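Everything below concerns the one structure shown next.
None of the values given here were measured: they were computed from a predicted structure.
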Amino acid sequence: AMVGGYSFRRSQWNNTTQSMRQSGSVIKPILYTAALENGYTPATAIVDEPTDFEDKWSGEIWSPPNYDEKFKGRITFRQGLEESRNIITAKLLNYISPQTGVQYCRKFGITSPLNPYLSLALGAFEIKMIELVSAFSSFPNKGVRVKPYFISRIEDKDGNVLEESMIESDEVISPQIAYIMTSLLRGVVQRGTAGSARGLEKPTAGKTGTTDGHTDAWFIGFTPSLCAGVWVGFEKELKTIGPRQSGAVAALPVFIGFMKSLIDEEKRIAEENGEEVKEESYEIPPNLEFENIDYRTGLLATPICQHIIREVFIQGTKPNRFCSYEDHLLALDYYNTLKDKDN
């Protein structure tokens, strides 16, 4: 289904298929996927700190900020995505290379023009919404992306099929990587920037996105059976939608309202038929293992750990040592805002 604008009579411009908008942080799951396939795990520790990156082609220095202008020090790969830390994504893209980042975007079906710059980590390039929603659908679909289509078939008055769409699909990532990314994106809802969707009665996952100047607000999310995206902005204009109007503030409530309506409708139909609403879950593929780890350090949990989560790993990649007091000290937030630091 697609809503491309207010009214076709008012404007024939379709924001879903025609608008090219900066993606902001909703591009990050694709880059995190690339990092998972190039040596990282959800528990890998990365330092969130002020960092200067040198452009290998121009020699220019790029120093990206975090949205909250704070730096949290040593955090895990998971926490970096759940809290949408820009520095972490930039470090990941710098490690795998911007060229690899672009290649993964292409794998996920994004055909919009992209250049291999580190600013890809922050969603600086313009992408069509339909491409992003299609890319996200690969995660709950066990790594398989289905090319979007809107007309299933055309029949004549007698029911003869005159034309029928051919479903085009391809496996862009393994079911194991897809499940791990689904777990990470569920964490965005459970503990991160999309926390207001935590109360939905379905296992929901997704990612918020916000662009510079608050010109675009995004949320793309999914359940085991449905993927949906919301974009908020001004049609054909780069105009702020309001101060602090992030994806979590402007776009996510639309997604929540939409999902609640679907859930209420499912309940109504089930009640009319005298049935129970079917519970949905994400199927766990083989060759994965689960382990209790400390959320802040990414190491195997011990009795001294206060924030323990059940983490998922490709077999043979879980942490190889237990957490210690020293590890906890290293994981404490040790940066203030840049403004406070300068003062």
Side-chain angles (χ1 to χ4, degrees), residues 23-44 46 75-85 88-89 92-93 95-96 100-101 103-110 120-121 123 131-146 169-194 197 202-209 218-229 280-291 293 295 298 309-315 317-318:
S23 61
S25 293
V26 290
I27 199 68
K28 290 179 179 178
I30 297 177
L31 306 179
Y32 271 73
T33 299
L36 281 177
E37 291 196 329
N38 284 274
Y40 282 82
T41 78
T44 301
I46 312 166
I75 62 175
T76 62
F77 184 93
R78 172 181 285 279
Q79 188 178 354
L81 182 60
E82 290 181 354
E83 299 183 6
S84 199
R85 311 303 294 173
I88 302 302
T89 315
L92 294 176
L93 183 58
Y95 172 79
I96 64 174
T100 300
Q103 289 171 7
Y104 269 79
C105 289
R106 299 294 182 228
K107 278 181 62 176
F108 275 87
I110 294 174
L120 176 64
E131 295 179 336
L132 286 167
V133 176
S134 175
F136 268 65
S137 70
S138 306
F139 299 127
N141 205 33
K142 303 176 186 177
V144 176
R145 188 187 78 90
V146 178
S169 64
D170 59 297
E171 184 176 284
V172 295
I173 52 176
S174 70
Q176 290 76 20
I177 294 295
Y179 183 86
I180 293 174
M181 281 306 306
T182 296
S183 173
L184 291 168
L185 292 169
R186 288 192 71 187
V188 174
V189 173
Q190 293 164 342
R191 289 174 295 272
T193 58
K202 285 181 180 290
T204 306
K207 185 71 187 74
T208 53
W218 297 84
F219 182 76
I220 301 179
F222 56 83
T223 67
S225 60
L226 178 70
C227 183
E280 294 185 335
S281 62
Y282 300 98
E283 184 180 336
I284 302 174
N287 301 321
L288 292 176
E289 56 185 337
F290 294 81
E291 190 66 62
I293 69 162
Y295 178 73
I309 64 169
R310 191 73 169 166
E311 191 58 274
V312 58
F313 301 92
I314 300 289
Q315 282 187 349
T317 65
K318 68 180 183 181

Can you name the closest pair of heavy atoms from G298 and I293 and give their distance? CA-CD1, 4.0 Å

Examine distances only and state if a side-chain atom of N141 and a backbone atom of S137 form a donor-acceptor pair shorter than 3.5 Å. no

Between S134 and V146, which heavy-atom pair has the shortest distance, and what is it? OG-O, 3.5 Å

Aromatic ring centroids of F139 and F108 under 6.0 Å? yes

Side-chain donor or acceptor of T100 paired with backbone N/O of I96 under 3.5 Å: yes

All heavy atoms of Y32 vs all of G80, minimum pair found to be OH-C, 3.2 Å

Centroid separation Y179 to Y282 less than 6.0 Å: no

Is the backbone of V172 close enough, under 3.5 Å, to the side chain of K107 for a donor and an acceptor to pair up by distance? yes

Counting only N and O atoms by type, is there a donor-acceptor contact under 3.5 Å from the side chain of T76 to the main-chain atoms of Q79? yes

Only one of I30, L184, L81, L132 clears side chain to side chain contact (heavy atoms under 4.5 Å, CB included) with K207; which? L81

Report yes or no: does R78 contribute a side-chain atom to a donor-acceptor pair with the main-chain N or O of S183 at less than 3.5 Å? yes

When you measure from the side chain of R106 to the backbone N and O of I110, does any donor-acceptor pair fall under 3.5 Å? yes

So which heavy atom on V26 is nearest to which on S23, and how close? CG2-O, 2.8 Å

One pair to check against side-chain contact (heavy atoms from CB on, under 4.5 Å): T208 and S25. What are the steps and the verdict? CA-CA 6 Å; T208 53; S25 293; 5.6 Å; no

For P224 and E280, which heavy atoms make the closest approach, and how far apart are they? CD-OE1, 3.6 Å

Taking all atoms of both residues into account, what is the closest heavy-atom pair of I177 and I314, and its distance? CD1-CD1, 4.4 Å

Quick one: do the S84 and T193 side chains pair a donor with an acceptor below 3.5 Å? no

Measure the shortest side-chain to side-chain distance between S138 and E171 over non-hydrogen atoms and say whether it is less than 4.5 angstrom. no

Consider only side-chain N and O atoms of T317 and T41, and report whether a donor and an acceptor are under 3.5 Å apart. no

